[in-house]
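The figures here come from the full heavy-atom set of this structure, side chains too, leaving out hydrogens, waters and symmetry mates. Sequential numbering from 1 along the given sequence is applied to the chain's residues. Remember, it's 1-based here, ligands and their atoms both numbered in the order they're listed.
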Amino acid sequence: MLFSIMYYGYRKNKRNVQLAFYDELTGLPNQTYLEDHLEELLTHGKQKKVALMMLNCNNFKVLNMTYGYRYGNDILKEMAKKLGDITGKNSKIFRFDGDRFAVVVGDYKDKNQLRELGEEVLNLFKHPISTAAGSQFLSMELSIVENKNQENTTEKMIQDAALALSGINHNEQFAISFYEETMEDQLKRQDRIEKALRECIMNPHDEQFFLAYQPKLNLETNAVIGFEALARLHVEGAGSISPLEFISIAEERHLIYELGNLIFWKTGQFLTRLKENGYEDLIVSVNVSGIQLLRETFLTDFQNILKISDIRPQCLELEITESVLLSNYELVNRKLQQIKEKGIRISLDDFGTGFSSLSRLRDMNIDIVKIDKYFIDKIVDHGEDKLITADIISMAHKFGLQAVAEGVEEKKQMDYLKKYHCDVVQGYYISKPLSQNDAILFLQGV
Ligand code: C2E
Ligand code: CA
Ligand code: CA
C-alpha cells in the first residue's frame, strides 16, 4: 500500500516536472527550463563563459498557414530531432517558443568556436527535411549572445538574442548574427525615427519633415528648368537624419507608401507656390521608391493627389533608380508606361550603377537619363579619352532621351558637360538643395 502511494506520488511528480519543464510536442526542455538553466550558469556556475544561441525558422509561419498546424507540428518535431545531433557536453538545447529553439553553450573557447558551432547548427537544415507531405526546405537564421560582462541577466541575454535575430535581413539565408551592444542603440534610434515619421504622416503640417529643392539648369540656355525635391527629417535630440537612413526605415516599417504620398502632397504645395510667383512652367522631380511604385493602388492614389493639389502632370517628373527598374524589369517598365501615358515624365536615377547595358535604354519607358555622380566625379581627375561620360550622353540622345548630370561641383565638369552637349546639370556648383523661400529667391536671382 505504502509503496503504491509512493509510486503514485513519484509518477505524479514526474508528470508535473515533465509538464513544467519540458515541451510536450518536441520533448525538449522548454522556456522555463531554459531560464532556470541560464540563471544557474550565470549566478552559480563555475564556468566563465556562457553563450546563448537562438535559432529561428523564417518560413515556418507560411508553412503553418499553408499546410495547417499539424504539418507545422510535424516540422517542429523534425527540427527538434535534428537538433539532437549537436548536443555536446557543453551545450544544451531548448524549445524556446513557436518556431524558435535555443542552445545554451558553456565553457567554450572563443568566438570562433561559437561561430563554428552556429554553422554546425545551421548546416543541419541545409538539406530539406522529410515530412509526411514530402520534402520540405526550411530557411533558418541564428543569433548568438555572449555573456561578456559578467553582469548579464537571463532576461537580458534572451532579449539580446531576440534583438540580434530581428536585425538579420530575411533575404539572407542561413545567416548568423552576433549580438553587439550598438544594436540596442541602433534599434532605439530607428524607433525614434519611425515615431517621428508616423507623427509627420498623421500631421502633414508637422515641421519635422519637409522637402528641400535643388535647382536644375539647362546647360545651353543657362535657365533654371526646375528642381529636384529631396526629403528632409529633423528629429529632436537626434538632429538632421539623412534620407538614406529614414527612407530605408520607412521602407522596412511599411511607412514608405504613406510617406511617399505626403511627399507628393508637399511637392504640390511647392508647385502652387511657384505658380503664385509666376513660375508656371517649371518641373519638380520627386524620388519614388520601388515599394511605392509597385503598390497596386499607386496610380489611382497618385492621380487623386495630383487632382487635389491641382498639379498639372507636365510639371511633375518621377525619379526611379536604375536598380528598382532592373530588379523587376517587366513589371516596373509596364508601370512606367502607364505613368507616361498620364503625361508625367520619368527619369532614370543613378544611371550607370546598375549594370544595365546602354542599348537597353531603347526599351525602357523613360524620358531622361540621370547620370550617376560617379561618372561626373571622374571628369575631375581623368583625361577626356578615358571617360565614358560623353558616350552615355550621346547614347541617351540617340534614343531620344535627355541627359542630366547630377553632383556637379566644379567648373571643369561644367565645361566637359557643355562640350558633350549634356542637356541639364544639377549639383553644388549651381546650388545646394534650398528651402521653399530660398528656391524662389534663387529664381529671382537674388
Ligand atoms: P539622389 O536621388 O541621388 O539625390 C542626390 C543626392 O546628392 C542628394 O542627397 C543631394 O543633396 C546630393 N547632392 C546634390 N548635389 C550634390 C553635389 O554637388 N555634391 C554632393 N556631394 N552631393 C550632392 P540627399 O538629399 O542626402 O539624398 C540622398 C538620397 O536619398 C537620394 O539620392 C535619394 O535616393 C534618397 N531620397 C531623398 N529624398 C527622397 C524622397 O523624397 N523619396 C525617396 N524615395 N528617396 C529620397
Ligand atoms: Ca534623385
Ligand atoms: Ca541620383
Side-chain angles (χ1 to χ4, degrees), residues 193 197 200-201 204 208-217 226-234 239-270 283-295 298 302 305 316-325 327 332 345-354 366-380 392 402-414 417 422 424-435 438-439 442:
I193 292 172
L197 289 173
C200 298
I201 289 166
Q208 292 181 95
F209 182 77
F210 56 96
L211 301 181
Y213 303 93
Q214 189 174 34
K216 291 183 190 171
L217 208 67
F227 298 89
E228 174 177 5
L230 291 158
R232 298 287 176 259
L233 181 70
H234 197 87
S240 290
I241 316 289
S242 158
L244 292 172
E245 184 177 6
F246 72 76
I247 294 287
S248 74
I249 292 174
E251 287 179 345
E252 276 164 25
R253 305 195 176 197
H254 309 291
L255 293 172
I256 190 66
Y257 194 72
E258 280 72 24
L259 189 70
N261 284 343
L262 177 62
I263 292 168
F264 283 132
W265 182 75
K266 294 215 176 217
T267 304
Q269 305 252 298
F270 180 55
I283 297 167
V284 178
S285 65
V286 178
N287 294 284
V288 176
S289 136
I291 300 174
Q292 254 176 294
L293 194 71
L294 289 174
R295 179 77 75 91
F298 179 74
F302 176 61
I305 297 172
L316 202 66
E317 184 178 303
L318 301 188
E319 297 197 10
I320 318 276
T321 63
E322 190 188 13
S323 55
V324 164
L325 178 54
S327 67
V332 174
R345 308 200 310 165
I346 310 281
S347 171
L348 191 61
D349 204 355
D350 300 346
F351 183 76
T353 55
I366 55 173
D367 305 276
I368 297 149
V369 172
K370 202 163 184 186
I371 307 165
D372 194 74
K373 187 171 182 299
Y374 173 83
F375 297 96
I376 310 306
D377 286 347
K378 285 234 179 287
I379 300 171
V380 179
I392 301 179
Q402 249 195 5
V404 178
E406 68 176 357
V408 179
E409 293 175 344
E410 293 184 22
K411 178 152 188 316
K412 190 175 173 195
Q413 295 165 322
M414 287 289 273
L417 293 164
C422 183
V424 174
V425 284
Q426 178 188 356
Y428 295 169
Y429 186 77
I430 296 105
S431 165
K432 291 205 164 184
L434 303 169
S435 68
D438 287 345
F442 185 85

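Heavy atoms of Ala212 found under 4.0 angstrom from ligand 1: none, in either backbone or side chain. With a heavy-atom cut-off of 4.0 Å, Asp350 touches ligand 1 through its side chain alone. Of the heavy atoms in Gln426, none comes closer than 4.0 Å to ligand 1. For Lys432, no heavy-atom contact with ligand 1 is shorter than 4.0 Å. The backbone of Val408, and not its side chain, has at least one atom closer than 4.0 Å to an atom of ligand 1 (non-hydrogen atoms only; backbone = N, CA, C, O). The proximity of Asn287 to ligand 1, defined as any non-hydrogen pair under 4.0 Å, involves the side chain as well as the backbone.
The nearest protein atom to atom 29 (C) of ligand 1, hydrogens excluded, is given as Leu244 CD2, 3.5 Å; this is a heavy-atom distance. Of the protein's non-hydrogen atoms, Glu406 OE1, 4.2 Å is the one closest to atom 5 (C) of ligand 1. Looking only at heavy atoms of the protein, atom 36 (N) of ligand 1 is closest to Pro243 CB, 3.9 Å. Closest to atom 15 (N) of ligand 1 among all protein heavy atoms lies Gln214 NE2, 3.0 Å. Protein heavy atom nearest atom 41 (O) of ligand 1, with residue, atom name and distance: Ile263 CD1, 3.3 Å. Counting protein heavy atoms only, atom 16 (C) of ligand 1 is closest to Tyr428 CE2, 3.2 Å.
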Tell me, with the steps shown, if Leu259 and Ile247 meet side chain to side chain contact (heavy atoms under 4.5 Å, CB included). CA-CA 9 Å; Leu259 189 70; Ile247 294 287; 4.3 Å; yes
Verdict with supporting geometry, Met414 and Val408, side chain to side chain contact (heavy atoms under 4.5 Å, CB included): CA-CA 7 Å; Met414 287 289 273; Val408 179; 3.9 Å; yes
Given side chain to side chain contact (heavy atoms under 4.5 Å, CB included), test Ile379 with Leu417 step by step and report yes or no. CA-CA 9 Å; Ile379 300 171; Leu417 293 164; 4.2 Å; yes
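For Glu245 (side chain) and Ser242 (main-chain N/O), no donor-acceptor pair under 3.5 Å exists by modelled atom type. Side-chain N or O atoms of Glu410 include none that pairs as donor or acceptor with a backbone N or O of Tyr429 at under 3.5 Å. With Asp367 contributing its side chain and Ile346 its backbone, the two residues share a donor-acceptor pair below 3.5 Å. A distance-only check finds no donor-acceptor pair linking the side chain of Glu409 to the backbone of Gly427 [under 3.5 Å]. A donor-acceptor contact shorter than 3.5 Å is absent between the side chain of Lys266 and the backbone of Ala229.
Between Gln292 and ligand 1, no pair of N/O atoms sits closer than 3.5 Å. Residue Tyr429 has no nitrogen or oxygen atom sitting less than 3.5 Å from a nitrogen or oxygen atom of ligand 1, judged on distance alone. Taking only nitrogen or oxygen atoms, main chain and side chain alike, Glu409 reaches within less than 3.5 Å of ligand 1. Note: an N/O pair closer than 3.5 Å links Ala231 and ligand 1 by distance alone.
For the residue pair Asn287/Glu228, the side-chain donor-acceptor check at 3.5 Å is satisfied. Side chains of Lys216 and Ser285: a donor-acceptor N/O pair is present below 3.5 angstrom, by distance only.
Within Glu228, the N/O/S atom positioned nearest the Ca ion (ligand 2) carries the name OE2. The minimum distance between the Ca ion (ligand 2) and any N, O or S atom of Glu319 involves atom OE1.
When distances from atom 20 (C) of ligand 1 to the protein are checked, a heavy atom turns up under 4.0 Å. Of the protein's heavy atoms, none falls inside 4.0 Å of atom 9 (O) of ligand 1. Distance check on atom 27 (O) of ligand 1: some protein heavy atom falls below the 4.0 Å cut-off. Remark: atom 32 (O) of ligand 1 lies closer than 4.0 Å to no protein heavy atom.
Judged by the 6.0 Å distance and 45° axis criteria, Lys378 is not positioned over the aromatic ring of Phe375.
Proximity to Gly407 (heavy-atom distance under 4.0 Å) selects the following atoms of ligand 1: 16 (C), 17 (C), 18 (O). Those atoms of ligand 1 with a heavy atom of Glu228 less than 4.0 angstrom away are 2 (O), 4 (O). Which parts of ligand 1 touch Ser289 is read off a 4.0 Å heavy-atom cut-off, strictly below it: atoms 44 (N). Residue Pro433 has at least one heavy-atom neighbour below 4.0 Å for each of these atoms of ligand 1: 11 (O). Proximity to Gly427 (heavy-atom distance under 4.0 Å) selects the following atoms of ligand 1: 15 (N), 18 (O).
Between Gln214 and Tyr428, the closest side-chain pair of non-hydrogen atoms falls below 4.5 Å. Looking at Asp350 and Glu406, their side chains come closer than 4.5 Å, going by heavy atoms from C-beta outward. In this structure the side chain of Gln292 reaches within 4.5 angstrom of the side chain of Tyr257, judged on heavy atoms.
At least one N, O or S atom of Asp349 sits under 3.0 Å from the Ca ion (ligand 3). Metal site remark for the Ca ion (ligand 2): Asn287 contributes an N, O or S atom at a distance under 3.0 Å.
Between atom 1 (P) of ligand 1 and the options Thr353, Val324, Asp349, Ile291, the minimum heavy-atom separation is to Asp349. Proximity annotation for atom 4 (O) of ligand 1: of Val286, Leu211, Leu230, Ile241, Leu230 comes nearest, heavy atoms only.
For Lys373, the heavy-atom gap to ligand 1 drops under 4.0 angstrom.
Vertex the Ca ion (ligand 3); arms to Asp350 atom OD1 and Glu406 atom OE1; angle 140° (nearest 10°).
Tyr213 and Phe442 have their aromatic ring centers separated by at least 6.0 angstrom.
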